[in-house]
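Take a look at the structure set out below.
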Amino acid sequence: MFTAALFAVAVAMILCLLRMLLGPTVYDRILALNSFGTKTVLTIAIAGFLMGRPDFLDIALVYALINFIGTIAILKFFEYGTLGDESLEESE
Amino acid sequence: MKGIISLFITLSVIWLLLSGHTNPLLLSLGLASVILTVIIDHRMDVVDQEGNRISYPPRLITYIPWLAWETIKSNITVAKLILDPKMPIRPNIFTVKASQPGELGKTIYANSITLTPGTVSMSVDGDEILVHAIDQGTADDLLTGEMDRRVTRISGEH
Amino acid sequence: MMLSPETAILASLFLPLAGGVGVLLTSNRPNLREAVTIVTSLLLLISVFSLLPTILDGGRPAVTLVEMLPGLSIAFKVEPLGMLFAGIASLLWPINSLYSIGYMRANNEKHQTRFYICFTIALSAAVGIAFSANLLTLFIFYEMLTLSTYPLVTHKGTDDAMTAGRTYLGILIGTSIGLLMPAIIWTWSVAGTTDFTAGGILDGKLQDALLGLMLLLYMFGIGKAALMPFHRWLPAAMVAPTPVSALLHAVAVVKAGVFSVVKIAVYIFGIDLLQAQPWTHWLLYAAGFTIITASLIALRQDNLKRRLAYSTISQLSYVILGVAILAPISAMGAALHIAAHAFGKITLFFAAGSIYTAAHKTEISQLDGIGKRMPWTMGAFAIGALSMIGVPPAAGFISKWYMLMGAFEADQIVAIGVIILSTLLNAAYFIPIIYAAFFKQESTESAQHPHGEAPLPIVLALSATAALTLLLFLFPQVPLELAREVVQP
Amino acid sequence: MRYHLVLRTVAKILIPLIMLFAFYVQFHGDYGPGGGFQAGVIFSASLILYGLIFGLAALKQVIRPWVVRVMLASGVLIYGGVGVASLLLGGNFLDYGVLAHDPVHGQHLGILLIELGVGITVAAAMITIYFFFAGRKTTKQ
Amino acid sequence: MHLLTDTLSWFFLLSGGLAVMIGSLGLLRFPDFYTRLHAAGITDSFGTAAILVGLAFQAGLTLVTVKLLLITVFILLTSPTSTHALAKSALHGQLKPLLKEDGGASSNT
Amino acid sequence: MTLATHYPILQVVIPLLAAPACVLLKNPRACWLLTMLVMLVSLGIAGQLVWQTSESGVISYAIGGWAAPWGIEYRVDALSSYVLLIITTIGALVLPFAARSVADEINIKMQYLFYAAFLLCYTGMLGITITGDAFNLFVFLEISSLSSYALVSLGKDRRALSAAFQYLIMGTLGATFYLIGIGLLYMMTGTLNMADLAERLPAVNESRTVLTALAFLTVGISLKLALFPLHSWLPNAYTYAPSAVSALLAGTATKVAAYVLLRVLFTIFGVDFVLGTMPVAEILIILGMAAILIGSMVAIFQENLKRLLAYSSIAQIGYIVVGISLGTVTGLTAGLVHLFNHAIIKSALFMAIGCIIYRLNSVLIGDIAGLGKRMPWTMAAFVAGGVSLIGVPLTAGFISKWYLVLAALDKGYWPIVVVVLAGSLMAVVYIWRIVETAYFKPYNGPASISEAPLTMLIPTWLLIMVNFYVGIDSSLTAGIASKAAAQLLGVSP
Amino acid sequence: MLLAFLVVIAFAVIHLRDLVAIIMLAGLYSLVTAIIFVVMDAVDVAFTEAAVGAGISTVLMLATLSLTGRLRREPRRPRALIPIIVVILTGVTLIYGTFDMPHYGDPDAPVQQHVAPRYINDSPNEVGVPNMVTSVLASYRGFDTLGEVAVIFTAGIAVMVLLMNRRRRSPDEDKEQS
Amino acid sequence: MNDLLGLYSYWIVIVLMMAGFYVVISSSNLIKKIAGLNIFQTSVFILYISMGKVDGGTAPIVVEGSSNAIYSNPLPHVLILTAIVVGVATTALALALVVRIKEAYGTVDEEAISESDNEL
């Protein structure tokens with residue numbers, strides 16, 4: 001059962017990876033990356049159960065979190081070209 | 001002050017749930033952690049002049065199941081679109097009105113729109129939310145305004 | 001004498017250096033500075049000669065300064081040959097100092113302080129070479145001599161001087177590190193010591209070709225001996241002020257070279273070993289070749305100092321030849337020739353400098369009739385030249401005589417031929433100068449620039465050396481005694 | 001990104017949670033995966049998130065650069081201090097066994113303390129790095 | 001009881017897996033960025049929640065469940081936010097959406 | 001438990017903890033004082049360790065109280081105490097020098113960071129030297145590397161940045177190779193402790209994995225060592241770094257890498273294996289000889305003094321490697337003696353150059369014309385160092401070359417002798433160029449140039465004095481070195 | 001399977017020109033690596049790799065990119081030959097080295113037989129911490145960890161050194177000195 | 001054959017390592033180089049971790065209750081934790097350097113940098 005779910009997620013990951021590689025725009029890539037991250041969370045959660053050690057969920061949680069921050073960072077980079085203060089950028 | 005207390009309580013509960021250890025050492029460390037977090041959060045509030053958002057509109061309980069159901073429904077709709085070899089999508093963009101008074105409400109509304117596949121909120125501008133819909137059908141569901149009403153109801157006067 | 005031999009050794013080494021410091025301290029007051037130089041040179045003379053009686057009595061005082069590695073030390077040991085060399089150098093230094101003062105002042109040379117300091121260091125190095133007890137010490141002072149004379153060579157600071165300085169340094173350092181150093185290391189690894197030992201240390205350690213190779217390394221490694229093809233530095237060094245050429249490139253430096261050659265041949269290889277090994281006989285031919293070739297080149301030089309330089313090259317090879325003949329008596333001749341050539345050649349250089357100072361002439365073709373204006377100078381020049389050729393009553397005769405005797409004794413036809421031929425060549429390049437100076441008419445151009453004799457210090461100095469040349473012929477006992485001690489310990 | 005309403009609101013909810021989670025990871029490294037290093041990273045991540053959304057200047061008001069600097073140094077000092085303390089108490093360097101009467105208890109205490117040191121330094125280092133990267137102006141192409 | 005939770009867990013896991021797969025397929029198939037957002041939404045919303053809930057049923061009432069729910073909440077909170085931010089950013093970045101007038105099947109952007 | 005038993009750990013921990021203290025202090029002067037104090041204490045401890053090892057042999061210190069293969073062990077033997085002495089000596093002498101030069105070259109606001117990084121770099125090198133654990137070595141290697149990248153980048157010229165980056169890439173690759181090598185060894189033996197590794201390796205000596213590990217370790221360390229042809233990072237890094245950094249790095253960084261090479265080749269693998277099974281030694285000898293020739297050759301043509309010295313360093317590293325790879329006690333002694341001597345010489349030379357920079361703000365050969373008059377002491381120090389680099393007797397350089405040549409002759413490798421002498425000859429050329437310019441060319445710089453301040457001159461001259469001292473009386477260095485060499489090879493001294 | 005993912009990503013990195021894509025792929029690489037770590041029982045490592053490789057590194061790279069611009073110049077000449085030779089040489093050496101390695105997961109490998117059993121069997125009693133990684137990290141090899149902290153500290157200092165000054169100062173940086 | 005099967009995962013890891021290595025030494029863009037370095041190092045980490053794995057083992061965190069669980073070797077994990085930290089420290093430093101290089105040279109391309117260095 002876990003295996004089946006794992007398999008499904010894995011297939012999904014391949015598809016995501018493809019989208020990631022294909023692009024064509026950066027936003028597509030970011031989307032794929034974000035989606036991939038979510039699937040990674042799932043994979044780890046399921047893998048933990050599969051291996052009988054469900055207490056690894058902390059990792060999954062960290063993933064979810066990092067994934068979010070990473071995406072925000074990338075977006076901020078694209079929208080403003082800086083990760084610091086936008087105002088700094090504008091004042092120049 | 002009220003915000004701080006509610007944050008404190010929330011965090012303490014979450015700590016206990018996460019930790020699962022009840023020896024004095026970890027409990028006291030937990031208390032310290034919670035207090036530190038609250039302090040830092042409070043500093044942030046002072047800096048950005050926004051209150052913290054942890055609060056409990058009581059009617060959230062009724063909203064979530066409804067939202068879940070809506071999500072499942074639209075999931076199926078979009079899944080059909082994906083699996084349809086012809087892919088009969090008709091993407092369009094429109095605005096809906098967000099009648100919630102507070103920012104939290106608008107956020108919940110915007111996220112709810114996004115959470116239900118088929119519609120994605122693209123921008124929140126004052127009272128208006130710009131929405132991208134994949135299909136006329138999903139757009140129409142949103143345009144009925146039911147979601148808006150429900151969110152307004154739960155978010156109250158915050 | 002009140003000095004103990006050991007103290008005298010150290011004193012001889014450090015006196016010049018102390019004098020150098022003194023010169024540095026008095027650099028602002030030329031008179032005082034030069035007085036310091038003179039006093040130092042005299043003190044050195046005393047301390048070196050205080051060793052002479054001990055040596056003649058058969059004493060061999062020794063001092064070990066430091067031991068860097070087990071069996072590898074800086075040590076000194078005075079033996080007759082070293083005594084001879086040190087004696088010559090220290091004897092000529094006061095005279096040269098006198099000369100320098102006259103020369104440098106008259107020509108308004110710059111950097112005089114540096115000049116005198118380097119001189120003191122060079123002298124110290126020369127004494128160090130003379131007294132060294134092992135190859136390493138020899139090497140160190142050898143290098144010290146090279147480095148300390150470099151500033152003297154490039155004294156003028158012109159581009160020409162710098163280029164010449166590079167040639168000078170390049171050949172001397174190159175040969176010493178590239179050839180001499182490996183030879184020393186090789187010796188050490190073969191014999192386990194580098195001490196100069198009577199009878200040599202290599203006997204039974206190396207055979208045939210390897211021994212020949214070792215000798216090759218040594219002989220060419222000592223670039224200061226100016227064995228062809230490593231002779232170019234000597235003419236190059238002639239850009240230096242004349243006192244430098246005189247004391248260093250007629251006496252200290254080049255003699256350090258041939259002295260080392262003799263010392264290595266005698267104390268590292270041992271005459272007997274060299275005699276027994278056919279592989280080492282090439283040296284004779286190399287020396288002979290150098291003598292003849294250098295003489296031929298000297299013939300074609302118009303610049304006086306350059307001619308003298310090539311003459312020096314050729315004369316140096318006499319010493320090597322004397323060793324290479326491999327007869328004890330010729331080795332004695334070689335040792336004696338170190339002294340004879342020193343006195344003779346320094347006289348010649350003094351004369352050249354004197355001419356330059358007084359008449360600003362450097363070319364031989366300009367010297368017509370100069371003997372009338374500068375009788376003392378040219379008289380001394382004539383004595384020096386006779387000594388070079390080997391004509392009595394000059395000292396060169398005795399040394400050549402001994403060499404010739406040795407050559408006959410050893411049946412070295414080649415050597416005999418070389419000596420005779422070169423004597424003719426020597427005559428061929430010196431006699432015309434003397435002839436022109438005394439018997440030719442002054443050119444009109446020169447006549448328009450009348451000049452007299454050089455300044456008094458110069459004249460005094462060159463007269464003294466000329467006199468020494470003659471004296472050495474008349475009283476050769478002391479050097480002969482020392483030379484005999486070398487070959488018959 | 002201040003005017004980005006949704007982001008701002010959600011971030012305000014998330015930041016305390018992330019921070020608390022960081023503390024949880026810090027103190028539960030004994031029982032599950034995690035420890036000082038991961039906690040430090042997560043903690044700094046929460047602050048970086050704040051910086052991303054509310055701007056660097058705001059973040060620097062929340063947590064002053066000198067505080068970060070002191071944290072950066074004090075983490076190492078705490079760690080080293082534990083080592084020196086154990087040395088002074090008669091053990092070898094970093095021998096936590098001597099920190100308490102019972103060696104196992106001492107080990108526990110020692111690990112807790114050094115993990116704290118690790119966490120503080122890592123968090124401070126990450127924030128420092130973010131400060132300096134984000135605080136630099138863009139160059140013109 | 002055991003059977004019931006197992007069955008429920010089965011159901012959620014499988015449907016979640018299915019949703020994730022379909023969503024990713026959509027991610028690949030849809031013609032332009034904005035439409036792909038919707039496809040990703042399937043994965044993020046239903047797929048994730050379903051799988052995590054399915055796992056929660058397996059775990060029973062333990063700390064694990066709490067953590068699972070925490071993750072679920074977290075993802076449900078963050079993923080629409082990032083999607084929204086993405087869309088906004090893309091709009092800001094002058095990426096023109098493909099609208100129905102353009103017809104669906106042509107290649108993107 | 002007296003304090004003396006803790007010397008090994010204190011040696012590393014004191015500077016390590018001083019670094020954050022510097023960050024807290026922030027005042028440049030206070031930082032300098034603290035750093036100076038630490039350096040002196042370190043020097044004292046290193047001296048103590050040398051003494052202790054000579055008294056009682058190998059000192060082992062179990063950190064955390066965990067016995068060796070399980071915990072991390074600090075292990076001080078003759079070799080490591082010798083290298084510790086080198087590092088601490090250089091450190092203690094570079095720092096007084098640094099005070100002025102740093103104040104001159106580095107923004108006052110960053111000086112406390114400079115001292116912290118300096119201390120970390122120093123700590124890293126001490127840690128590498130003292131540790132008995134292969135992985136711990138990697139950690140400290142990175143500490144010293146990272147801080148030295150930062151230190152190099154502090155140079156004024158913008159090329160300092162690209163130099164630091166190049167250094168970083170090469171250094172990290174080297175460290176990663178080292179990591180791979182250690183990983184493979186760990187895989188085959190299950191341990192990371194060097195002594196334990198040495199014990200367990202013979203059992204799996206035949207395996208291809210171990211051979212690969214040897215190859216990777218050697219390449220990785222060679223990168224750090226800047227052994228030809230992996231030297232490309234070194235000239236730039238040394239050239240553009242601030243003078244105090246150049247002096248420290250030139251004196252110590254490559255020396256420590258050489259030490260690591262020794263440890264890996266002789267302690268971990270053992271001389272029989274390294275010399276017997278694979279042509280590692282042969283390859284290293286050839287590379288070392290190439291380094292000597294090419295490094296010296298390139299140095300001749302440099303116009304920038306620091307660059308010239310950097311290339312000379314490459315050549316000198318060649319000498320060290322050749323000595324080490326001979327695998328005999330004499331050869332190893334030669335390598336070790338040169339380790340010390342070159343450290344002293346190069347630091348002194350770079351400090352002399354630091355003096356020149358301080359006054360002249362230039363390091364081009366053309367600009368030092370006639371400087372011998374203006375800055376007599378500085379230039380005299382430079383010449384003295386240069387003479388030692390050539391290997392003139394009575395200087396330290398001579399002793400090491402002498403040993404090296406002897407070792408080569410012992411084995412009958414006469415080409416080495418030729419190369420060594422050729423290298424010396426080329427050294428003459430490049431040193432002479434400087435001497436000639438400084439002393440025999442007219443001065444044409446600004447009129448205000450005078451001698452460097454005493455705080456910079458005295459440390460420089462102290463090093464020069466040490467240089468002459470060990471050149472005249474080599475019993476100290478050669479004594480320890482030969483003991484260390486014998487210990488390393490497992491021969492009774 | 002997962003490794004295959006990595007191979008694809010790695011080669012994509014070689015091929016791509018867009019720096020942003022490269023950075024994102026590098027992040028992805030870390031993500032997948034972390035999954036592999038979980039599968040290989042290295043949860044702590046996975047935790048760290050997730051936080052660092054996918055999180056911090058990516059953010060840092062983006063920050064750099066935001067300061068340097070994402071345009072990547074086309075290399076004029078692919079100077080590929082020497083690198084390829086070097087890489088192949090290294091790779092072949094490594095593969096040569098694998099032939100005598102213990103198999104993946106082999107419980108009899110030396111790694112499992114020496115040193116490690118002590119950690120596994122005794123650390124719960126000796127150190128009293130259930131997570132063996134923590135007890136090894138903090139106690140048995142605590143000194144490594146001190147070194148690790150020092151490395152991070154160094155990195156912090158190095159970044160400060162590098163990015164502190166040298167440019168026109170903004171008011172913001174002034175405040176920071178307080 | 002069985003032998004080879006037991007090793008194939010190592011080979012893939014080696015291929016990965018070499019891919020990263022290739023990026024480092026062949027790319028002229030500094031940022032890409034750093035990315036390559038990350039990949040290279042990460043692959044080395046995988047190599048390490050894979051040696052600690054035991055068939056049928058579980059993560060080295062004591063499972064309460066069961067005393068006969070097989071645990072994987074915790075030591076490589078510890079080592080790699082340290083190595084990861086070192087890696088990220090290196091990356092941060094390298095990136096800071098790149099920023100400065102960009103400011104000083106106006107480019108992050110290695111060839112362009114060496115070109116403008118040579119002009120001086």
Side-chain angles (χ1 to χ4, degrees), chain A residues 1-2 4-20 22-39 41-46 48-49 53-58 60-65 67-72 74-80, chain E residues 6 9-10 12-14 16-30 32-34 36-37 39-41 43-44 47-48 50-52 54-55 58-59 62-68 70-72 74-75 77-79 81-83 85-90 92-93 95 107-109:
Chain A
M1 168 175 67
F2 293 134
L6 203 57
F7 178 76
V9 177
V11 170
M13 281 165 94
I14 295 175
L15 298 174
C16 275
L17 187 63
L18 272 178
R19 176 47 69 203
M20 172 92 193
L22 289 176
T25 66
V26 185
Y27 299 102
D28 289 294
R29 293 207 166 117
I30 303 173
L31 181 64
L33 184 68
N34 189 22
S35 197
F36 197 93
T38 314
K39 275 153 207 151
V41 174
L42 293 178
T43 315
I44 291 183
I46 300 170
F49 274 85
R53 300 298 295 262
D55 44 357
F56 305 156
L57 287 171
D58 290 349
L61 197 50
V62 172
Y63 257 68
L65 187 140
N67 193 28
F68 177 64
I69 295 178
T71 310
I72 298 296
I74 294 176
L75 286 177
K76 170 137 185 173
F77 165 61
F78 273 104
E79 236 173 314
Y80 304 101
Chain E
D6 255 12
S9 151
W10 252 104
F12 275 113
L13 276 175
L14 286 190
L18 206 65
V20 168
M21 260 202 303
I22 291 172
S24 303
L25 190 65
L27 190 66
L28 203 62
R29 281 194 72 199
F30 274 157
D32 91 320
F33 168 70
Y34 294 96
R36 284 178 203 137
L37 278 177
T43 319
D44 291 351
T48 312
I51 288 183
L52 291 175
L55 291 176
Q58 281 288 318
T62 53
L63 277 178
V64 174
T65 316
V66 175
K67 278 185 193 165
L68 278 172
L70 214 64
I71 296 176
T72 317
F74 198 90
I75 287 185
L77 206 59
T78 55
S79 79
T81 313
S82 10
T83 310
L86 245 175
K88 182 166 165 147
S89 176
H92 192 89
L95 183 64
S107 93
N108 37 58
T109 54

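We use all heavy atoms of the structure for the numbers below, so side chains are in, but hydrogens, waters and symmetry mates are not. Proteins come first, then strands; the chains are lettered A, B, ... in the order of their sequence lines, and each starts at number 1.
Scored by the ring pair (Phe, Tyr, Trp, His ring centres under 6.0 Å) test, A:Phe68 finds no partners at all (sequence neighbours excluded). A search for side chain to side chain donor-acceptor pair (under 3.5 Å) contacts involving E:Ser82 returns nothing, not counting sequence neighbours.
In this structure, chain A has no heavy atom under 4.5 Å from any part of E:Ile22. Interface remark: A:Leu57 contributes backbone and side-chain atoms alike to the contact with chain E (heavy atom separation under 4.5 Å). Looking at E:Leu86, both its backbone and its side chain come within 4.5 Å of chain A, counting heavy atoms on both sides. Only the side chain of E:Ile75 comes within contact range of chain A, with at least one heavy atom under 4.5 Å from a heavy atom of that chain. Of the atoms belonging to E:Leu14, it is side-chain heavy atoms, and not backbone ones, that fall under 4.5 Å from chain A. Heavy atoms of A:Leu6 lying under 4.5 Å from chain E are absent altogether.
Evaluated for a side chain to side chain contact (heavy atoms under 4.5 Å, CB included) with E:Phe74, the options E:Thr78, E:Leu70, E:Leu77, E:Thr72 yield exactly one hit, E:Thr78.
Counting only N and O atoms by type, the side chains of A:Ser35 and A:Lys39 include a donor and acceptor under 3.5 Å apart.
A salt bridge is defined here as a Lys NZ or Arg NE, NH1 or NH2 lying under 4.0 Å from an Asp or Glu carboxylate O, and A:Asp28 with A:Arg19 fails to meet this definition.
Considering all non-hydrogen atoms of both residues, E:Leu27 and E:Arg36 come closest at O-CD, 3.2 Å.
Comparing A:Phe7, A:Phe49, A:Phe36 by heavy-atom pairs within less than 4.5 Å of chain E, the highest count is held by A:Phe49. Counting heavy-atom pairs closer than 4.5 Å to chain A, the top residue among E:Leu68, E:Leu37, E:Thr83, E:Leu55 is E:Leu55.
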